Structures are given as structure tokens and as C-alpha cells.
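One structure below.
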Amino acid sequence: MMNYVEELCLQQDWNLTWHTENPDFTQCFQNTVLIWVPCIYLWVCFPIYFLYLRHHGRGYIQMSSLNKAKTNPCPESNASFLSKITFWWITGLMIQGYRQPLEAKDLWSLNKEDTSEEVVPGLARNWAKECVKTKKQPVKLVYSPKKPSKSNGSNHDATEEAEALIIKTAQKKSEASLSKVLYKTFGPYFLMSFLFKALHDLLMFSGPEILKLLINFVNDKDAPDWQGYLYTGILFICTCLQTLILHQYFHICFVTGMRLKTAVIGVIYRKALVITNSARKTSTVGEIVNLMSVDAQRFMDLATYINMIWSAPLQVTLALYLLWQNLGPSVLAGVAVMVLLVPLNAVMAVKTKTYQVAQMKNKDNRIKLMNEILNGIKVLKLYAWELAFKEKVLGIRQEELKVLKKSAYLGAVGTFTWVCAPFLVALSTFAVYVMIDENNVLDAQKAFVSLALFNILRFPLNILPMVISSVVQASVSLKRLRVFLSHEELDPDSIVRGSLKDADGSIIVKNASFSWSRNDPPSLNSIDFTVPEGSLIAVVGQVGCGKSSLLSALLGEMEKIEGYVAVKGSIAYVPQQAWIQNATLKGNIIFGRETKESHYKRVVEACALLPDIEILPTGDGTEIGEKGVNLSGGQKQRVSLARAVYCNADVYLFDDPLSAVDAHVGKHIFEKVIGPKGILKNKTRVLVTHGVNYLPQMDTIIVMVDGEISEMGSYQELLKQDGAFAEFLRTYANAEQNVENADSENSLEWTIHPLVTDASSPTVKEGKRMENGVLVNEASGKQINRQLSNSSTYSGETGKSLQQNSTTELQKAAEDKNTWKLTEADAAKTGRVKAAVYWEYMKAIGLLISFLSIFLFICNHIASLASNYWLSLWTDDPVINGTQQHTHLRLGVYGALGISQGIAVFGYSMAVSIGGIFASRYLHLGLLHNVLRSPMSFFERTPSGNLVNRFSKEMDTIDSMIPQIIKMFMGSLFNVIGACIIILLATPLAAVVIPPLGFIYFFVQRFYVATSRQLKRLESVSRSPVYSHFNETLLGVSVIRAFEEQQRFIRQNDTKVDENQKAYFPSIVANRWLAVRLECVGNCIVLFAALFAVIARKSPGLVGLSVSYSLQITTYLNWLVRMSSELETNIVAVERIQEYSEMETEAEWSIQHTAPPSTWPHEGKVEFRGYGLRYRKDLDLVLKNINVTINGGEKVGIVGRTGAGKSSLTLGLFRINESAEGQIIIDGVDIAKIGLHDLRFKITIIPQDPVLFSGSLRMNLDPFDQYSDEEVWTSLELAHLKNFVSSLPDKLNHECSEGGENLSVGQRQLVCLARALLRKSKVLVLDEATAAVDLETDDLIQSTIRTQFEGCTVLTIAHRLNTIMDYTRVIVLDKGEVAECDSPANLLQKKGIFYNMAKDSGLV
């Protein structure tokens, strides 16, 4: 048999196949290979296919019911093989997006394996396993040596344990490795990409090899034509295969990246729900949001680059091997240049890393500060502190830009080395090659095949620094994430919860001590008490004595140091500061439980919410804004209370819910809900309160002093003991002569008025008032878009009751009810980004720099083209006697062109980077300035998430992304143009083909950009809710934990993340779709360049030049489209920042020519002349015809029922709202004529919600550093804070945490008083400033105000009438007009409105 084959094959002449005009396979080949190969293939594949058919039920795929239920399943799963490799399955969406802008409903639902519920638990499980593993090791090390030495006495055990602890901390080094966990979770799917990448890398080298054959073919005049066509065909097939494989690889990488991001966000969210309070201090809201936005993004980017770590060296090795074959040892010169550049790049990467860390730190601080500014904007405006905080932000920003500038210089050097590296390598190699030996001739084959290989080298060398920096950034993020995920968690077992069988009480605390973090001294010491089931317990004590801490301890929010705590059954918790979600009112109350209408109605009625619901535009379906901006403090508190009552728990913890509501409402709530006859009468209730009058009805009273329980017993028992409590009562019983009615929050501002039943309902007390049926925000007074129609349901002119309102108005109101929406969602713009946006950005850079950089770009590319053209002329030099002439001249010019290219590169790189920094400084400044200058109404409409998004994500894009993208975009643009020019020079015939290909290219690109841009916008719009929900959760985490609603919130977060990824997934597939189509256009250019070269058969130099350029063109085209769409999608950031830089603004802050003298106001005389105020142009006046003169130094109380316009008066005084008619004159100056700051600096308010900012205590009192330390101490002493502050380790430099969380609400209120004392202005406004303090402190505040502000004009909006009984005058407002105005004594004799109010509160 063998002999037969040999005979058959040896006799054949292979010339038949190759050296002929009419090629054919040999007989031998046809009879053996062509016959056997298909047979072998079929036999090998049969068993596999057979199994496949068996398992898949006759070969077709059955749809599961789940799939059918999905509304809009992703077509990928059902796509055919061809459709998958060419990404044809997304074409439908592309066409739809091209016809009209896509909307969220057009997007497919995610594949099951990409959803949060699939991805997150996997990562969480693996991380938990890893943590357990690493925790075990040190423990073993600790205890093993100690086992044998047992000694008697417990003393030894203690020391042993101490030693163990010491060793344990030292062993902490073995930390859980997050990278391992990520690899475990996502590795298996990701491994597929290795295979694709390796195949692609090998195919890449087919190009230069075929180019070698082509040049030989052109040189060899005798070769038959068909060989040239064959080479061209093979070249085309190889490039097409390369395209398809590369994009499968990218698809896998991007999907992995997407899953990574989903998983990371999910894990962070889950962790944020369980970390301890001490950990919350180290990771502020700003930092955690950054972890979600920036760091999760870094992991995503890394997934696409990580394979380059092994692929780049592989490409370099292969390229060098082929070069060696081509040029021999001279290649070593080129290698030497590369090796020298590596340490340079390494140093730069290390530097970049340090800058990166500094940059992130600055960014965290800036976002944290912005977050606080946005939360406390009302206070900033009232105090005129915007400039001080603007300076603080700009201070951080300045540091940030310094670091950016350094990075930019580094980046310019980096770009210079990357662009010049390949050229230097080529130059040194060719120079050495020609110099070593006279007979080394640089012909077309050697030069251009080497150039093609050098071009391949260029990519891994360029990308490596990017990969390194991406790895560096990801490692920084990895560390930040690992630290966050390793934070201590609350110990769920510190408090025994659930159904305790043999417990003798519903709350049992035995000898327990608690602290806020492990290293702090305990805040609560040896607490010992038992609460019998169904009893009502009060906790009383001074401000800051640990009442709220006690509730936190029962909830398990504090670290238990020792003792035993058990709580029987489920818990409901009402915090001191109500936490309200951005949801409907009903949603806030039901809080994820099932809806039971009858129960719900009872709860709403008991919590006195019915009148509020009637007033709201769409009843209980009204959307409540972020942090409850459109509810008053009292309403928020009642909603928070209703939520607790609705959930029907066993144990209720109330943290002073009655302080924020009016006396009558408080009484109603106590009777109907908390008290012995309320809805909750059979439940266990613990009530922290400052209200003396509820105490007699309590079963037990716990008196707290400095974190310990000083006394405990019933009201009568405590009075008999005659201890601290009895003393406390004696002081206050006199202050409130009639305990029955005068609540601790005694508000005497409503009596039911027979006519206006609807309007004077016991509604809003704190924060916002109803005025003419319009909700008003008391201190900011911009009325929140809440009106139902021009004249709202309770029309204000005459106080008509509803029956008198015309029916048309009611219909109007009903129509509006359905459309009413409070917050503005982040809207997505549609259509192309306008040219104006680019122009704006160029102006921000500076036109000089813009045009300079464009000029340098052009110079660089001209030099580059010239040097390569020169090379092709050189290779065509005739060879005489085995050598070329003019070698030195050729080499010299080639080198000079290269150096000039390098200089141009360095120039443009610097210009673009520095220009980018100018631009981001300018844009940030504009954004910050304008946001601070916006009126209050803007902040009430805009969710803080949107604003934070502008300052973090969009700003980051402008800082670091856009300049890089511009560089790459310009580079690729000129490269493509250059390549086309060269191809046209070499083969003029190509002029026929390039324009139509260019047209196809342009069409595909426009087609794609329409869809891609819209997807990017949808993605960034759906990102805001993720952050907003996250922020909201962090603020209410203790409530969520108390109600044990963590799972529901986790599900909500997952849904929001999935919504975001739903827009992201099509956008990455669209990228692949585009790239495959475009690379086919590029591959056609390669095909035609080679084809025309074969047809023309002109000089080999030009053939080499044009084909080696065309081989690169695919890459450049790809980059060009990616960069142009990246540029367009990222420039959206500029558009979005511009949008906020052009909002309406308040009046000027200061006006030079009308500024009042520095001594103004010298006496404090305030006159209202015919003053009127309305909230919006189309609304009725809320204040009408106010004519009052208040003389300097008078103390005036302002009272009136809810909605009478008391707050509007203060808002008008501070010009938070501008007047509609008339004027306010202070000491002869019309306040409407002067700058806002000139006005607000000179009058002071003590607002209702005490807001502090993170920073030192001193900064909170005096942000402009205007006062000396002595003055600050004096003000603290007068505010009764001196003892507290001097006991702090850092005294005045005590760091207040975000929102002043580490001071109690009462202490914050006193800090606000100290601010006022420090400013010592002639006009002082008190806005029921004593709501959150106990009665004793309230007395102190009142006496301080009487003594310290003796010569000043004091206006007090009063709720406890006893505080204003000794004032000189009282103004009684009714329906926006002055009803009575006289001294309190005279008013009581007149027996008018004031008398009735006093009677209600038991003062007469």
C-alpha cells in the first residue's frame, strides 16, 4: 500500500500546481487528502452531535414559560451562529434607534445570567467564604501554643486572652483577597476570551508574511498573475477572520465587565446596610457613592484590558522573531531602544498611581462637601455663607487641579515616548543594518515587511502603559473596596430578638454598657431595667444625656460592651428626625407591607394625617420629594409615626416624635396612638419625651443623667423620692401653669375657626406652613410647586370655605391632580450634540491653544507621511555592485523627519492636556457659582442626586476623559487621511473605490451614533436613581434595620441597577456591531490596495508602502469611530454642566453703588409699608397690605393660626422671596435695593432645623474667620455650651461629622444660638427655635436672648405663648393680614383672636 502511494506521489510534477498559468492540484493530493479529510471529520463529529440531539429534544430549543413571560426578551439567546458572530441580531434595535430616538421601553430585558439576582449572590457567597478562611488562620496561630500550659485560677486565663488579642492584631496581615474572589466568581466565563485573544494574535502576523510574498511577486516579473490574486484573497480572508474573532473576544470582556460592576454595586449596597456606626464615620456617604460610581467603573474598564498583560508580551515576542528572520542581528538595536523605554514607562506608571490616589482623595472630599452644601443650602442662604463654602470647595478643587496638571505633564511625556518609540526602533534598526555592512541593501521587502511588523509592535507597546495604569487604578479601587467590605458589621446577636418563651418582660436589659464604637469610652453605663409586656415607659433627661442612645442600643445600633439585652417580638421605631423616602405618601406609610385599607384608614386618622392628605394635590398618592422636602417637619414626623403604627409590631420605640408637632396634634396623637387608650394600648411602648404633661399617664418613667439611669419608677413614686426628677418637675410645672393643655411644644396657634374648617386643620407645624392651601417652606419660603390651580382649593382672598369655591376651579384642580409631580427626574436630551457645545468647550480651553494644537497635529502627520514616503524612495534606489548610493543622505533625512515628528507630538500633547485643565477649571467654577446663586425653589425641585451626579461623574469626565479622547480622535483622524493619501499615491486606481467606501463608512457611522448616543444618555439618566436611592438608604439605615426591611431595599436597589444595565448592554453590543461592519470596510480597502498593486505591478517600494498602510487602516478606522462616538457621548458632560450653569439666579449678592454704610442697621427699626408677597406670578398674595413699624430694640412676637403667613414674613425679610408690592425698610434703607449678602449679613435668624456642616466647630460658628477665639468662647458660654466644648479633647477644633450627627439635636440648636450671639446683629429673627430642647434649656435660651439682645430688635415666631408674654408687642396675623397689634396685656383685654389663643393654652 505504502509503495503505491509513494509511486503515485513521487511521479507527480508539482510544477503543475505552482509554476503555471493554469494551476491544478496533483492527482496524488486529490486522491488522498481531499477524499479522506471529510470522512474523518464526519466520524469524529458524529457522537458529539448525536448526544446534542438526544439532550435537546429533537434539536429545537423549547421556550420556558419564564421566557414567554418576559415582555421584551433579548434576541441574543435565539440568534443563529452567523447572526451571533456578526452581531446581526442587534440590527433591529439599530434601525429603530435611527428612525426615532430610543426610549427606555424599547430596551430588551437583561439576560438572566446578567441580572443582579444571579450575579450578586455569587460574589457575596465567595467573599464570605474568603473572609471565613482568612479569619481562621490567625486564630489557630494564636491558641495552639497555649493549650498545654493549663494553670489553676482564672487570672491566668485573662492574661492568656490578652496575649491572644495582641497576637491576633499582629496577625491581621493575612487579609481577605478580593481579587481572588472576583476571579472565582467571574473567571470561568472570562477564560473563553483567552482562547479568542490568542487566535487573533496569531492571525495578526499573517498580514506581514503575505505582504512579503506580495512584494516578491511584484519583483518577480515571471510569476503568473493568479498567484498575485491568490495572495490578495488569502490576505482578505485572514483580515476578515481577525475581525470576527477579535469582536467575540471584546464581547466576552465587556459582558464580564458589566457583571462585575453589577456585582460590586450590589455587594457595596448590602454591606452598607450592616456596617457599624464607627465604620460609617470612616466611610462617609460621599465615599460610598464614589465606590459605586467611580471604582465600580474602574473594574469594568479593567476587564477589557486585563488580557493584554499576557497578550502584549506574546505579540512582541512573535514580532521580534519574524524581524530577526528578516533583518538579522540588527534587530537588537531596535530591541535595545524598547528595553530602554520600559523603565521610563514604569516610573511614569508609579507616578501616575500616586497622583491617582491623591486625586481620588481630593474628589471624595469635594463630593462630601458638595453633598453637605446641597443638604444645608437653606441655612447657607439665610446666613449668607455661600462665599465661604465656595472658597472651601475651590480650595479642594485647586489641589485637585494641581494633581491633574502634574498628571498632564506626565501624560505628555508618555504620549511622546509612545508615538516616537516605533519610529526610533525603526530608525535604529535600519541605521545599524545599513551601517554594519556595505552589502546590506535596504530593499522594499526588508523595509516594508519590517515596518508592518514594527506597526504591530506599536500596538502592544502603546497599550501596555494604558493597561498598567488601568491595573494600577483598579488596584487602588480594589483596595478601597476591600477596606469597605472588611468594615466591622453590627453584631446581630448582641441583642436577642424574636419570640422569647420564658421571658418575664418584653424588653430586658441586664447590667449592659454600650459605646458607639469599640475604641470609644462607653456612652451608656450599667443600664439595668425590665419592661413588662404592654406597658408604657417614658425616658426623660437633659439634652445630650443619652436618651436617643438608649433607643439605638435597644435596636442594636451600638456596640454592646457587656451585659444582656433581649427584645421580645418585632420592633417599630420612630426616629427623632423623621426619615422620609422619595415615594408616595401612602408608600411611605405602608413601607412594603401588604395594603389593608381599613387598617390603613384607622392609622392615618389616628396620626392626624387626614387633613394633610386632603390638602395634598393627589391625596395620599402624592409623590413626596427627596428627604420629604414638600412636607413640613410636623407632617414628616406624623408620616414616620404612621409607618410605625401601620406595621403592627410588638415593641414600639418613639424618639421624641411629639416635639415636632403642635400642642393639639400632640395631644391627639398621644390619646389616639401612644397613650393608655390609643391604638397601641396593648403593645410595649418606650417614649423619649421632653413633655412634662404626659408623664402622669406613664406606667414607668426612666430618668437619665450622663448615660446612666439615675431614677426609675412611676410618676407618684418619683415625686415621693424627691430626687432629681421631682426638682425637674417643680421647675417646669410653674412654667406651664396648665399642664393639661400646655404641651412641651406648646403651640397655641390653632383653634378651630367655625368658618374655615378646611384650612385650619391641625396640620403643618414644623418647617412648612399651609398658607392659602399652598404649602410653604417656612425658612426658605419658596413655595413648592404645590398649587392645584390658580386659586387653590382653599382660596385665600376671603377665606371662603370649599363649598363656596366655584365648580370650575374644582374641576381644574382635579385635572391638575393627575399631572402633579414634584421632583424633576434627570431628563435625557435627544438628537445630535449641538456644534455649540463643542464651540463652548473650545472657548473654555482658549481659542489660541485650540488652534495651536490642531496646527501641531497637522505638522506631526505631515512629518510622518514624509518620512515613510522617503523610505519608499530609498528602497527603490538602484543597487550597483551590491550596494546602494547616498545611504548616508537617505538615513540623515529619514532621522530628521522623525525627530521633527517627535517635537510636534510633544507640543500637541502638552497643549491639549493644559487646555483641558483650563477648561475643567472654568466649567467647574461656572457650575459651582451658578448652583450657589440659584434661588431656593431650584433646590426644592431638583433631587440632590442629579446635582451630585454633575459634580462627580460629569466633572470627572471633563477632568480626565475628554482631553485623552480628543488626542486619540485627532490622531486617528489624521492617520486615516494619511493612509488614504498614500494609497492614492501608490495606486491612483484606488480613487475609484475609496469615495464609495468612504460613503458607506460614513453612513454606517451616522447610523450607529444615533442609537449609541441615545443609549448612552438613557444609561446616564438611569444612573441617577441608583445614587439617589443609595443616598436615601444610607440616611435611613437605622429605620430600615429596625423594621427589618433590608431584603426589600436590596431588591429595589437590584432593580434600579438592572434598569441601568439594560441601557448599557445594548450600547456595548452596538459598539461590536459597528466595529464588525467598519472593519469590513477597512478590509475592503486592504483588498483593493493589494488588488490594484497586483494589477499595476509597479515599483515594489510603493506596493510595500500602500499595502503596509492599508493593513493599519482597519485599526485606525475602528479607533476613529470609537473615538468620535466617545467624544460625542462624553461631550454630553459639558452639555449637562452648561445646562446648570445657565439657570435662573437670585438677585445680586452685593451691589456696590447701593451698599448700605458699614454701621447699618444702627438702631434696628423695621418698617413694613404696604407689603405684599406671593410665591409665584400666577398665585394670589399670601401677605397683603402689611403696614407695621417696629422700633429699634423692640421685642415683637408674631402669632397666628397655621397658614396665617407668619413664616412668609420672615422669608420676605430675608428676601428668600421677593416682594410683590410695597417695601420693607430697615433704618431708612429699602432692602430690595441692596445686595442679598449686604442684607443677610446684617440680620440674623435662628432657624428651625439646626444644620451643621462637617468641619471644626469653630468653622461652624465663624466660617469667614472674622472673630477672635475669645469672642467665640464668649458666645459659647452665653449659649451654655462652654462646659460641653471645653470637655471635648479638641475644644473648638472638635470635628463635627456630616450634618453634625455627633451632637444631639438640642446641642445643635444651641450651636445655632451661639452663631447668632457671635454675629450680634441689630435685628434677630427666631423661628420657633426651641422645638428640640428640653424646657430647662429653653428657659436658658430665652433668658440669654433677653439679656444679650437687649438693644436689638427681636422678632419671634411663637408657638409657646408663655415665651412672648413679656414682649413689648404682639402681631397677630390672620389670612395674610395684620389682625391685631398691641402689647400682650392690651390684647388680652380686647378679647380678640389673641385672647382665644391664650385661653386655649391655659394662660388665662
Side-chain angles (χ1 to χ4, degrees), residues 284-286 289 365-394 396 576-580 625-629 633 636 766-768 777-782 784 928-929 931-948 951 1028 1031-1032 1034-1035 1146 1210-1211 1214 1216 1236-1237 1240-1241 1244-1264 1295-1305 1307-1316 1318-1319 1327 1329 1331-1332:
T284 57
V285 177
V289 170
N365 291 339
R366 194 183 84 229
I367 299 306
K368 178 177 150 192
L369 186 60
M370 279 316 302
N371 231 336
E372 292 194 56
I373 289 178
L374 297 173
N375 288 345
I377 188 79
K378 191 196 307 182
V379 172
L380 288 192
K381 289 205 174 301
L382 289 170
Y383 285 127
W385 278 1
E386 295 103 330
L387 286 170
F389 278 84
K390 183 175 166 187
E391 286 313 309
K392 276 185 77 170
V393 175
L394 292 178
I396 300 177
Q576 189 168 4
Q577 286 182 309
W579 172 70
I580 303 294
E626 241 183 273
K627 302 199 189 78
V629 292
K636 283 194 246 185
E766 185 181 284
K768 290 131 196 157
N777 194 333
E778 183 138 340
S780 74
K782 271 289 187 210
I784 301 176
L928 179 67
H929 183 70
V931 165
L932 289 177
R933 291 255 345 244
S934 300
M936 257 332 282
S937 54
F938 167 72
F939 296 98
E940 281 155 2
R941 280 199 315 271
T942 315
S944 60
N946 294 8
L947 284 164
V948 171
F951 278 103
S1028 291
N1031 259 328
E1032 195 172 81
L1034 288 174
L1035 291 171
E1146 307 181 282
T1210 57
L1211 298 175
F1214 280 88
I1216 296 280
L1236 288 177
H1237 280 187
R1240 291 173 186 169
F1241 265 130
T1244 305
I1245 185 167
I1246 301 184
Q1248 197 176 357
D1249 311 327
V1251 176
L1252 299 190
F1253 299 94
S1254 66
S1256 66
L1257 195 57
R1258 189 175 193 329
M1259 191 282 304
N1260 268 299
L1261 292 165
D1262 172 26
F1264 289 99
E1295 276 295 312
C1296 300
S1297 59
E1298 245 177 307
E1301 296 289 323
N1302 53 359
L1303 298 178
S1304 74
V1305 181
Q1307 284 165 335
R1308 282 180 243 168
Q1309 195 81 57
L1310 294 176
V1311 172
C1312 293
L1313 175 66
R1315 280 178 193 163
L1318 203 53
R1319 281 171 83 146
D1327 187 354

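From a predicted model like this one, the values you see are computed outputs, not experimental measurements.
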Exercise for the section: Apply side chain to side chain contact (heavy atoms under 4.5 Å, CB included) to Ile367 and Val289, showing your working. Expected result: CA-CA 9 Å; Ile367 299 306; Val289 170; 5.8 Å; no
Practice task
For side chain to side chain contact (heavy atoms under 4.5 Å, CB included), just list the numbers for Ile373 and Lys392, CA-CA rounded to whole Å, side-chain angles, deciding distance to a tenth of an Å, and then say yes or no.
Solution key: CA-CA 11 Å; Ile373 289 178; Lys392 276 185 77 170; over 6 Å; no
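Side-chain contact between Met936 and Ile377 is present, with heavy atoms from C-beta onward closer than 4.5 Å. You'll find the side chain of Leu382 stays beyond 4.5 Å of the side chain of Arg1240, heavy atoms only. Two residues are said to be in side-chain contact when any heavy atoms from C-beta on lie closer than 4.5 Å; Arg1315 and Leu1252 meet this criterion. Looking only at side-chain heavy atoms (C-beta outward), Met1259 and Phe389 come within less than 4.5 Å of each other. Counting heavy atoms from C-beta on, the side chains of Leu928 and Phe951 come closer than 4.5 Å.
Of the residues Val1251, Leu1303, Asn1260, the one that meets the side chain to side chain contact (heavy atoms under 4.5 Å, CB included) test with Arg1308 is Leu1303.
Cys1312 contributes atom SG, which lies 12.5 Å from atom CD of Gln1307 (distance to the nearest 0.5 angstrom). A distance of 8.0 Å separates CD1 of Ile1245 from CD1 of Ile1216, quoted to the nearest 0.5 Å. Between atom CG of residue Leu369 and atom CG of residue Leu374 there is a gap of 9.5 Å, rounded to the nearest 0.5 Å.
Using bins of under 30°, 30° to 60° and over 60° for the plane-to-plane angle, the ring pair Phe1264/Phe1241 lands in the perpendicular bin.
Partners of Leu1035 according to the side chain to side chain contact (heavy atoms under 4.5 Å, CB included) rule, which considers only residues two or more places apart in sequence or in another chain, are Trp579, Lys627.
Put simply, the side chain of Lys381 gets close to the backbone of Leu932: a donor and an acceptor are under 3.5 Å apart.
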